[in-house]
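Labels below follow one simple rule: chain letters A, B, ... track the order of the sequence lines, proteins then strands, and each chain is numbered from 1.
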Amino acid sequence: MLDIKCLREDFEILEDSLKNRGAKLNFSLQDLKDLDQKLKNLRTEISNLRENQNKLSKEISVLKRDKKDATELVEKSRNIGDEISRLAENERGLDSQFKTLWYQLPNILLPDVPFGADESQNVPVNYCGEPKDFGFEVMPHWDLGKKIGLLDIERAGKVTGSRFSFHIGLGARLVRALLNFMMDTHRTDGFVELWPPYLVNEASMYGTGQLPKFRDELFKCADDPYFLIPTAEVPVTNFFRDEVLMDASLPVRFCAYSACFRREAGSYGKDVRGIIRQHQFDKVEMVVFCRPEESLNELQFITEQAQKILKKLKLPYRVIELCSGDLGFSSAKTYDIEVYMASSKNYREISSCSNFTDFQARRANIRYKPKDGKSRYVHTLNGSGLAIGRTLAAIYEYYQDDEGYLNVPDVLIPYVGTERIGLTTCF
RNA sequence: GGAGAGAUGGCCGAGAGGUCGAAGGCGCUCCCCUGCUAAGGGAGUAAGCGGCUAAAACUGCUUCGAGGGUUCGAAUCCCUCUCUCUCCGCCA
């Protein structure tokens, strides 16, 4: 949610930001501004009437106490009450109208976000690691995984449905290794570990902006008012919902592993093979709460932190800055990190690090109290650190050798307990 | 799932239709007193939105878990919901 001041005082900035995003609205900003003014006038009117009524009430109470007749004043107050009810009903209608529109506005872009229409105009800002030359045909991860018995997508299809998977034996061990390796890395660098609930209520989904816009993407419980989380961002950001944080505690940096659940509605043709796009996947997420003046640096920090994982795993990757037209709804600025996939020789998103400025904080009502002065909204940021399934897929492809074995990245060997994986289980 | 209790300011806790935004305490801030030990005295201390200001001061409205209702008037009465706690049952 945006600051209402954007509409009242920084109208041009808001207009520009929407234009650069290529946001298509089914209403005009000017109408929204007029609506706001109308509401404001109405509220002033109501507040004046209430003032009169409150005064009358006091007079009535004095009269009653003195055992004097108050019927005339009571009658007057009743009339004002009726008038207020009428106006208040009107106000409720306009207010819900306004809110419906207001919640549809995406966050204001930070000024340095590159202009562009869509993802084709995203800007690569950093390439790291030269993809090696294999000298043989690299197997896609799903082929290798199946061949050496680490991955079973068919049976997951039987047990659940499409876009699910089993990891078996050392495959399962690798998942656990990645999870622990990532969490250990972040913890060592000062992030506080959080182990969150995977089901959250509707208020939390509104708090981080999944609702109302992305309802189609969420799994909902049939008999309980809960949703499966699409990312740990939701429970972790909502950890501080409706709270005022102490200045001294900022910045707060959390890391959390969670399973993530997404319906992936409308992506039927995409990534049907392998484990790149699943309804359930594992992810380690970083979430930061900071003072407004810190958020630019924090975005750099978590982007570096995510890259650190890939560097340690010695996987080639690139960092791209999302252009104005490709930026997510709540984000003011986003870096995506894309890992090199050796079989298809392209880069796939493995992390997305965003600065939400005060957009989520306003929605989720998360504030802090500066040393002196009134409480303000914090800035929130988050970034994957990293998507475990996609990291695993990248490893399957980048670490296979010409004998069809999978080599374990050095940093994972202590976690996996072996250096090289061939066919070890067979069901 | 069954039975009961509760939800009030940063925290504890009174309040039971009318000068209640809310006693008292703790905590915190400022001031005073005293050199002798974690003391004493005084003052202040919620948030949101609006008006007026250069900015304050000032001022209006709203807020006592959420929503609705009764009433001239609701923290107080009624209804619905949510959450918390205790006991029983079930259970990883």
Separation of atom CG in D36(A) from atom P in C49(B), rounded to whole Å: 13 Å
Nucleotide G60(B), atom P - distance to CG of N52(A) in whole Å: 12 Å
C1' spacing across the pair G17(B) / C28(B), given as an integer number of angstrom: 35 Å
Charged N-O contact under 4.0 Å between D410(A) and K312(A): no
Nearest-angstrom distance from the residue atom OH of Y377(A) to P of G48(B): 8 Å
Whole-Å C1' distance, U70(B) and G18(B): 16 Å
Rounded C1' spacing from C72(B) to U53(B) in Å: 36 Å
Cation-pi geometry met for R420(A) and Y405(A) (6.0 Å, 45°): yes
Options G50(B), G60(B), U62(B), nucleotide nearest the side-chain atoms of R8(A): G50(B)
For atom CG of L63(A) and atom P of G73(B), their distance in whole Å: 16 Å
Donor-acceptor contact below 3.5 Å, side chain D224(A) vs main chain Y226(A): no
Proximity to the side chain of E51(A) - top-ranked nucleotide from G48(B), G60(B), C72(B): G60(B)
Atom C1', compared across C58(B) and A54(B): separation rounded to whole Å: 16 Å
Whole-Å P distance, A5(B) and G44(B): 41 Å
Whole-Å C1' distance, C26(B) and G1(B): 41 Å
Spacing of E75(A) atom CD relative to U71(B) atom P, expressed in whole Å: 13 Å
Carboxylate-amine/guanidinium contact E264(A) R277(A), below 4.0 Å: yes
Rounded interatomic separation in angstrom, taking CE from M1(A) and P from C49(B): 11 Å
Listed nucleotide nearest any side-chain atom of K369(A), set A47(B), C72(B), C83(B): A47(B)
Side chain of V74(A) - closest among U62(B), A47(B), C72(B): C72(B)
Residues, nucleotides or ligands: over 12 heavy atoms within 6.0 Å of E419(A) CD: no
Lys/Arg cation over aromatic F301(A): R253(A), 6.0 Å, 45° cone: yes
Rounded distance in Å between the P positions of G15(B) and U84(B): 26 Å
Out of G18(B), C61(B), G50(B), whichever nucleotide has its closest atom nearest the side chain of S61(A): G18(B)
D82(A) CG to G73(B) C1', straight-line distance once rounded to whole Å: 14 Å
Residue I60(A), side-chain atoms from C-beta onward, closest of G18(B), C61(B), G48(B): G18(B)
Closest nucleotide among C72(B), G48(B), C61(B) to the K64(A) side chain: C72(B)
Sugar-phosphate only, base, or nothing, as touched by N48(A) at under 4.0 Å among non-hydrogen atoms: nothing
Closest nucleotide among G50(B), G73(B), A47(B) to the R367(A) side chain: A47(B)
Any R78(A) side-chain nitrogen or oxygen under 4.0 Å from OP1 or OP2 of U70(B): no
Per R50(A) side chain, nearest of listed nucleotides G51(B), C72(B), C61(B): C61(B)
Aromatic plane relationship, H279(A) with F219(A) - under 30° parallel, 30 to 60° tilted, over 60° perpendicular: perpendicular
Any-strand Watson-Crick or G-U partner of U62(B), both distances under 3.5 Å: A47(B)
C1' spacing across the pair A23(B) / G13(B), given as an integer number of angstrom: 10 Å
Separation of atom CG in D95(A) from atom P in C61(B), rounded to whole Å: 20 Å
Any N41(A) side-chain nitrogen or oxygen under 4.0 Å from OP1 or OP2 of G50(B): no
